[in-house]
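Only one structure is covered here, and it is reproduced in the block below.
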Amino acid sequence: MRQSTLFSSTLRESPADAEAASHKLLLRAGYIRQLAAGVYAYLPLGLRVLGKLERIVREEMDRAGAQELLMPALQPAELWRASGRYDVYGPELIRLKDRQEREFALGPTHEEVVAELFRNEISSYRRLPVTVYQVQTKYRDERRPRFGLLRGREFLMKDAYSFDASWEGLDASYRGMYEAYLRIFERCGLRFRAVEADAGAIGGEGGSHEFMALADIGEDTIVACTHCAQAANVERAASGIDRQPADGGGSTTLEKRRTPNVRTIEQLSRFLGAAPSRLMKTLVYAADGEPVAVLVRGDHEVNEIKLKRSLGVERLELADAATVEAVTGAPVGFAGPVGLPIPVFVDDAVARMPSGVVGGNEADMHWIGVVPGRDFPVERTGDVRNAAEGETCPHCREGELRFHRGIEVGHVFKLGTKYSAAGGATVADAEGKETPVIMGCYGIGISRLLAAVAEQRHDERGLAWPASIAPYRAHIVPVAMRDETQRSLAEAMYATLLRHGVEALLDDRDERAGVKFADSELIGVPVRIVVGKHAAEGNVEWVDRATGERTVVPKEEALARLIGNDESFR
RNA sequence: CGAGACGUGGCUCAGCUUGGUAGAGCGCUUGCUUCGGGAGCAAGAGGUCGCAGGUUCGAAUCCUGUCGUCUCGACCA
């Protein structure tokens, strides 16, 4: 590509709307342009990177035995009604009507469609297992699109679906995809971690893993052990073992204390001179509409996903102030389990406390010396809080739990029969009996992956792509196009690279050296070949974008390195 | 969805408080000079000031509504 004819141009300043590094740089370097909130156009440079990512994904999917197909983004509402998700999915599902007032949705995912296809194509267990995949644009009307490509409303996704006759078969299919994902993210030059995950709205009975790109801007928190391989999304991670001594030393004599205007844990801690870990927090939730109380230690946070799972309910939200006051008979801030007329669920860490301080269910009053079980009935105990940093790993009991931020670039699920049962996707088993097929689903956010790599591979000057996904392999930069020696050498090298199938970008613009170098570093092609003052001797500069390392080499050597082994430099 | 902020040439912004008919830098065009780290000089082009109402002799500026965008939160494969 001749840079003089490149469609996009670089921006000297970041557009004011951009916040994330990847967003700013992708805009400035001319990879993407925004069209609406969470909706982006890919300019030629951006599309090249996207294409590279797609190719890697396709190669690994094919290698894992998956077959590519393409399903429609426009999907009849009936399909979504049948699975029960038309209403459950909520406003994130973009709904529209055709001229006949027939209802459609723009696909945020394709479990329904693929189950429908399967139902009509395959009816015998003898044709299993089978896995299909597609690379396709998805639509999700996010409440809050942000950070450019990291959370868009229209985005490119690879989704795959496996069909098996048995759970053992699903395990094998899942393992195959999991391993393909490891290869894909490695090939993309991503620093990532595979973690245990919660299956969320996509649901299903089996396990689930997320592939997290490590980045501070990530919206997910990963809980990882310093000693063993255990790592999980905080949504799912088992709480660690607390270093806190179990005997505590607090009074176990139940006693009511006047605590005027003390509503928060912080205030209570200060008022009583007791650490938050000696206090108990009572939260009232509406669980499928029914009020329940949850008790966690003052220094802990309720994990609503774990709580939801533990309660076995569909909907869970904090009760509103009116409900709290009706249930406790006290203003918000004084709720406590003693004498509470609703079921009380107790976190494991609270259950281990010899005694604690709780709200009095009466304005300006708290109980101290409260013992769970003795002073109030415990409906059930369980792990319903977030793991905390620094706790001992509950798995190996050796290491410490550490938190990391991550961007979810891939997610694999064992779905089981949730969609096949609803969609009538069954096969005849060996006895000729119809049974729902066992499904898995596997997603990679390709456009998000692009942004995640940009998030990890950049410096103050611009992007620095890994060779495997860079828009070009080499950026040929003649310092002065007017110098005939430089110009003809640069042109000759460019032609040679193209002839050997090496993608090259030639900066043939009549710009000053500073402009060319700055643009080159912004665009981030892995290798820059500077054709300058050494051109007369047939030498060029080889500049590594990522390290900044520069060496003067004969032009033949530079060409040989680029043509000979494409993958050898990074 | 709750809260906050912002919409002025392609980009970054000033002007708005105190209404008087639109500015700067970057980018773009042309010419001359310069030429290995975002050049200098000169001359140009480019804007219904998001949109719609209202107030006023007069609105980028004041008022109302509306649309859009961003940030924080809530929520969420």
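Within every chain, numbering begins at 1; the chains are lettered A, B, ... in the order of the sequence lines, protein sequences first and strands thereafter.
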Closest listed nucleotide, where the reference is the side chain of A/R482 and the choices are B/rG37, B/rU69, B/rC35: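 Shortest atom-to-atom distance from the side chain points to B/rC35.
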Short side-chain N/O contact to B/rG37 OP1/OP2 from A/R461, under 4.0 Å: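 A/R461 to B/rG37 OP1/OP2: no side-chain N or O under 4.0 Å.
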Donor-acceptor pair under 3.5 Å, [X] side chain vs [N] base:
| X | N | result |
| --- | --- | --- |
| A/R28 | B/rG27 | no |
| A/R512 | B/rG40 | no |
| A/R146 | B/rC72 | no |

Report which part of the nucleic acid [X] touches: base, sugar-phosphate, or nothing (heavy-atom distance under 4.0 Å, all strands).
| X | value |
| --- | --- |
| A/G532 | base |
| A/E219 | nothing |
| A/A36 | sugar-phosphate |
| A/S9 | nothing |
| A/A480 | nothing |
| A/Q34 | sugar-phosphate |

Atom P, compared across B/rC51 and B/rU18: separation rounded to whole Å: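 Approximately 25 Å lies between the P atom of B/rC51 and that of B/rU18.
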Partner nucleotide of B/rA5 by Watson-Crick or wobble geometry (both distances under 3.5 Å):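 B/rU69 - that is the nucleotide pairing with B/rA5, both distances being under 3.5 Å.
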Whether A/W80 and A/Y89 hold their rings parallel, tilted or perpendicular, with breakpoints at 30° and 60°: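 Ring orientation of A/W80 relative to A/Y89: perpendicular.
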For A/H23, the option from A/Y40, A/F147, A/Y31 that meets ring-ring contact (aromatic ring centres under 6.0 Å, His included):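 With A/H23 as partner, ring-ring contact (aromatic ring centres under 6.0 Å, His included) holds for just one option, A/Y40.
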Below 3.5 Å is the cut-off: list the nitrogen or oxygen pairs between protein and nucleotides 23-25 of chain B, distance only.
| unit_1 | atom_1 | unit_2 | atom_2 | d |
| --- | --- | --- | --- | --- |
| B/rG25 | N2 | A/E13 | OE1 | 3.3 |

